[in-house]
**Student:** 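Got a structure here, written out as structure tokens. Questions coming.
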Protein chains: 2
Amino acid sequence: MKPTLQAVADAVGVSRSTVSNAYARPDQLSTALRRRILETAKAIGYPGPNPTARSLRRGFVGSIGVLFTSRLSYAFTDPFAVRFLAGVSEAAERHGVSLLLVPIPSDFEDARRAVENASVDSFCVYCVGDEAWALDAINARGLPFVTTAPRDDAGPDDRYVGIDERAAARGVAAHVASLGHRRVALLGDAVLPDAPAGPLRLSGVDQVPHPTTRGRLAGFADAFAEVGVAWSDLTVLTATGNDRRAAAAAVAGLFDRPDPPTAVLACSDVLALGVLDALGEDADRPDVSVTGFDDIAEAAAVGLTTVRQPAEEKGRISAELLLDPPADPTAGHVLLPTALVVRTSTRPVPRS
Amino acid sequence: MKPTLQAVADAVGVSRSTVSNAYARPDQLSTALRRRILETAKAIGYPGPNPTARSLRRGFVGSIGVLFTSRLSYAFTDPFAVRFLAGVSEAAERHGVSLLLVPIPSDFEDARRAVENASVDSFCVYCVGDEAWALDAINARGLPFVTTAPRDDAGPDDRYVGIDERAAARGVAAHVASLGHRRVALLGDAVLPDAPAGPLRLSGVDQVPHPTTRGRLAGFADAFAEVGVAWSDLTVLTATGNDRRAAAAAVAGLFDRPDPPTAVLACSDVLALGVLDALGEDADRPDVSVTGFDDIAEAAAVGLTTVRQPAEEKGRISAELLLDPPADPTAGHVLLPTALVVRTSTRPVPRS
DNA sequence: ATCCAGTACTGAATCGATCCAGAAGGGGGA
DNA sequence: TCCCCCTTCTGGATCGATTCAGTACTGGAT
């Protein structure tokens, strides 16, 4: 059995409180006694105050929970998520706080329990798909949290760090439209949650449940509406995952149809890269323009036109909002700037 | 004030224990009562058992600490580290355990304290440079841990997941030697901890403190010794960080010297990429072969010859060793296979 | 009617610290 | 000399649950 604080106190012949003070409040006792306590502690192998007991008594833990509403191991394969994490950890580092990465089990009850059992002071929720259940659980615990996706049911005091999804998407789309593209396809992950990969029949963008995807699609549509292309003339494709393979699967056969799209606008760079993969494998290589979203490192390497959003910054500010909350509670709503990055993956419509 | 377990007990009119059982041991009470308790709990807004209190009483936390012996935010910029983390999180996911990422402050005392204060059941130590102080702190707490780098003071029961650094390094070096290279430079990060970037005077590989770097350099040297190139004929370079810029700085001016090396063998892909950066900027572009180590995604993209080691696997097995310890304590020493991956960055010596 | 084995629930002890009101002792000022 | 203050240290209450030995009750077998 590891010695406890009490054991040290007994060994030195002082009270428990004094030993505690030796660790946490050096000014509360003479330096001589403090040294003696620390030495004895080392001598009998006392590992220092038990972190759990300390947290219980103090009422806070010193760590912020990071929640990916998808498989945790997946998060590390998503370049944007990784950069976001880098930002979060930078802030955590500065504040001397740890990050608890909580894996979400697929079973709903277990998932809720995972959130309830996390020893943290607050939550940073990185949204992929539906996260309402998680926010409920967090709210039930009364913990502060910040989200990175717009929410339909957000209150004015909710903390949120994001971008103007719609305006940003409209930006790239306008660029594509200006190149003359009129037959275009829009590609998102889980546009309709349980739909199979491929084209979708959507009466409007309102049907899309996930706010991020909805915002981007709406932005795309805005730009094309302005040049006279109606929503019903747009091809909306869904992928069954935010990864290259899923994207390639989603556009399979798309260019074999009559009047194929001359451009594909994807809701993320990863999806766009998947589209390029699919095009690359195609022997005939139709000249299709492709755009992404996020501006991950690989986008630059392959010349992908995309929307840049400050990933690390997003993480950093999210964490900062939790660690150092603004006095004004309504200031917890942060919109970050975005920029259109034009590269070689978008070209004027080929005339044929 | 949030209601406690006691509050629920009072509200329902049962004992604290029974409420506790309602959550943790459903078989200990009638389903009717259990439902009544759970409903009342929800009604009065009880957030469920406090995780910290539970951990204290139960004696374990349900999370494993992940320690990068460098800046945490840096870890997310290192592709190999990220893949390692993906592996760790995969195992954590399977076992329903969380990951606590602990940032290490630069101040030594603070750093030790960070390890002492982490609420975890075990530690996964990803080694970069010196980690002895961290292992000391972990040992003092009596927590199990696993390292990913060979240690000089490792005991037989210590858990370790790694590769045969020396043999693997020898492999690439032999390949380079077989292409005819005899004037070569070896590049590592912090070969001598406080040395400035650039060439080093080392009487032997024993002077290198960090075991991983030492192993790889030794392996490089082995291969060249076999073709008659002595240690003293090798140029050893140190970088002041494991990143591209640091590597570029380390080789600055290297090729302007008389009899410049015809090949650079780096201790990591990131460093090798930095060397390629430096060569790319050089207008004269001397024909220099470059090798890396790790086989990160980008290595394939630029055609870097390297040593592949299973990154995710390393993380996965490390975590598994902690979460599901082998019955035989000496089985905690795992060596993973590596493979030489020959690409275009290594070419025969240009004859001039 | 008696005994026994479950089942359902209770109470006190416990996990390992922190906090706070207060006691003891020493020194300085009036 | 007396009083007050300051420094140093103590004891008990407390954080919020879990655990386990033990009590009360129920129903079936003898």
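Just so it is clear: chains get the letters A, B, ... in the order the sequence lines come, proteins before strands, and each one is counted from 1. Keep in mind that the numbers below use all heavy atoms, side chains included, and drop hydrogens, waters and symmetry copies.
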**Student:** Verify the ring-centre separation between A/Phe68 and A/Phe84: is it less than 6.0 angstrom?
**Tutor:**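 No; A/Phe68 has its ring centre 6.0 Å or more from that of A/Phe84.
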**Student:** Quickly work out the B/Leu29 CG to D/dC20 C1' distance and round it to whole Å.
**Tutor:**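 After rounding, the reported distance stands at 16 Å.
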**Student:** Take the protein atom CZ of B/Arg54 and the nucleotide atom C1' of D/dG16, then report the distance between them rounded to whole Å.
**Tutor:**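 So the two atoms are 11 Å apart, to the nearest Å.
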**Student:** Is it true that B/Lys42 and B/Glu39 make a salt bridge, defined as a side-chain N closer than 4.0 Å to a carboxylate O?
**Tutor:**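 Here B/Lys42 does not pair with B/Glu39 in a salt bridge, since their nearest N and O are not under 4.0 Å apart.
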**Student:** Is any side-chain heavy atom of A/Ile138 closer than 4.5 Å to one of A/Val125?
**Tutor:**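 Yes, side chains in contact.
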**Student:** What is the distance from NZ of A/Lys2 to P of C/dC15, rounded to the nearest Å?
**Tutor:**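 Computing the A/Lys2:NZ to C/dC15:P distance gives 17 Å.
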**Student:** Under a 4.5 Å cut-off applied to non-hydrogen side-chain atoms, are A/Ser20 and A/Arg57 in contact?
**Tutor:**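 When only atoms from C-beta onward are counted, A/Arg57 and A/Ser20 do not touch, as no gap falls below 4.5 Å.
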**Student:** For D/dT19, does OP1 or OP2 lie under 4.0 Å from any side-chain N or O of B/Arg25?
**Tutor:**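 Indeed, a polar side-chain atom of B/Arg25 lies that close.
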**Student:** Between the two ends of the helix from C/dA1-D/dT30 to C/dA30-D/dT1, what is the bend in degrees, rounded to 10 degrees, where each end axis spans five pairs?
**Tutor:**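 Rounded value for the end-axis angle: 50°.
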**Student:** Name the closest nucleotide to the A/Leu56 side chain, picking from C/dA17, C/dG16, D/dA17.
**Tutor:**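 Of C/dA17, C/dG16, D/dA17, C/dG16 is nearest to the side chain of A/Leu56.
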**Student:** Side-chain N or O of B/Tyr23 less than 4.0 angstrom from OP1 or OP2 on D/dG16?
**Tutor:**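 Negative; the distance criterion is not met.
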**Student:** Counting neighbours of CG on B/Asp194 that are heavy atoms of other residues, nucleotides or ligands and sit closer than 6.0 Å, is the number greater than 12?
**Tutor:**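 No, CG of B/Asp194 has 12 or fewer neighbouring heavy atoms, counting only those of other groups under 6.0 Å.
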**Student:** Base, sugar-phosphate, or nothing: which does B/Phe60 touch, judged by heavy atoms less than 4.0 Å apart?
**Tutor:**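 Counting heavy atoms under 4.0 Å across all strands, no contact is made by B/Phe60.
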**Student:** Check this one for me: any side-chain N or O of B/Ser20 less than 4.0 Å away from OP1 or OP2 of D/dA17?
**Tutor:**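 No, outside the criterion.
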**Student:** To the nearest Å, give me how far apart CZ (A/Arg141) and C1' (D/dG16) are.
**Tutor:**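 Rounded to whole Å, this separation is 13 Å.
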**Student:** Name the residue closer to the 5' end of DNA chain C, choosing between B/Gln28 and A/Gln6 according to the nucleotide with the nearest heavy atom.
**Tutor:**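 It is B/Gln28 whose nearest nucleotide is closer to the 5' end.
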**Student:** As a test of reading the structure: which of C/dT18, C/dT10, C/dG16 is closest to the side chain of A/Leu5, going by heavy atoms?
**Tutor:**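 The closest nucleotide is C/dT18.
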**Student:** Taking the nucleotide of DNA chain D with the nearest heavy atom to each, does A/Asn21 or A/Arg16 sit closer to the 5' end?
**Tutor:**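 By nearest-heavy-atom nucleotide position, the 5'-most residue is A/Asn21.
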**Student:** Start at the 5' end of DNA chain C and walk down; is the nucleotide closest to A/Ala24 or to B/Ser30 reached first?
**Tutor:**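 This one resolves to B/Ser30.
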**Student:** Identify which nucleotide among C/dC9, C/dA17, D/dG16 has an atom closest to any side-chain atom of A/Pro49, counting heavy atoms from C-beta outward.
**Tutor:**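 Of C/dC9, C/dA17, D/dG16, C/dA17 is nearest to the side chain of A/Pro49.
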**Student:** At less than 3.5 Å, do the side-chain atoms of A/Arg58 and the base atoms of C/dT18 form a donor-acceptor pair?
**Tutor:**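 Under the 3.5 Å cut-off, the side chain and the base do not form any donor-acceptor pair.
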**Student:** Given A/Val14, which partner from the list A/Leu29, A/Leu33, A/Asn21 fulfils the side-chain contact (heavy atoms from CB on, under 4.5 Å) test?
**Tutor:**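 Answer to the side-chain contact (heavy atoms from CB on, under 4.5 Å) test with A/Val14 among A/Leu29, A/Leu33, A/Asn21: A/Leu33.
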**Student:** Under 3.5 Å, is there any donor-acceptor pair linking the side chain of A/Ser17 to the base of D/dG11?
**Tutor:**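 Side chain to base: pair present.
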**Student:** Indicate whether OP1 or OP2 belonging to D/dG16 is found under 4.0 Å from a side-chain N or O atom of B/Thr4.
**Tutor:**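 No.
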**Student:** Could you state the CD-P distance from B/Glu116 to C/dA17, rounded to the nearest angstrom?
**Tutor:**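 It is 12 Å, rounded to the nearest whole Å.
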**Student:** In whole angstrom, what separates B/Arg34's CZ from C/dC9's C1'?
**Tutor:**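 For the pair B/Arg34 CZ and C/dC9 C1', the rounded distance is 16 Å.
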**Student:** Rounded to whole Å, please give me the gap between CD1 in A/Ile37 and C1' in D/dT10.
**Tutor:**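 Going from A/Ile37 (CD1) to D/dT10 (C1'), I get 12 Å.
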**Student:** When you compare the side chain of A/Asn139 with that of A/Phe145, does any pair of heavy atoms fall below 4.5 Å?
**Tutor:**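 Yes. Closest side-chain heavy atoms under 4.5 Å.
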**Student:** Atom CZ of B/Arg57 and atom C1' of D/dT19: how far apart are they, to the nearest Å?
**Tutor:**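 To the nearest whole Å, that distance equals 5 Å.
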**Student:** Return the orientation label for the B/Tyr23 and B/Tyr46 ring planes: parallel under 30°, perpendicular over 60°, tilted otherwise.
**Tutor:**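 Ring orientation of B/Tyr23 relative to B/Tyr46: perpendicular.
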**Student:** Should B/Ser15 be listed as having a side-chain N or O under 4.0 Å from OP1 or OP2 of C/dT10?
**Tutor:**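 Yes, B/Ser15 has a side-chain N/O under 4.0 Å of OP1/OP2 on C/dT10.
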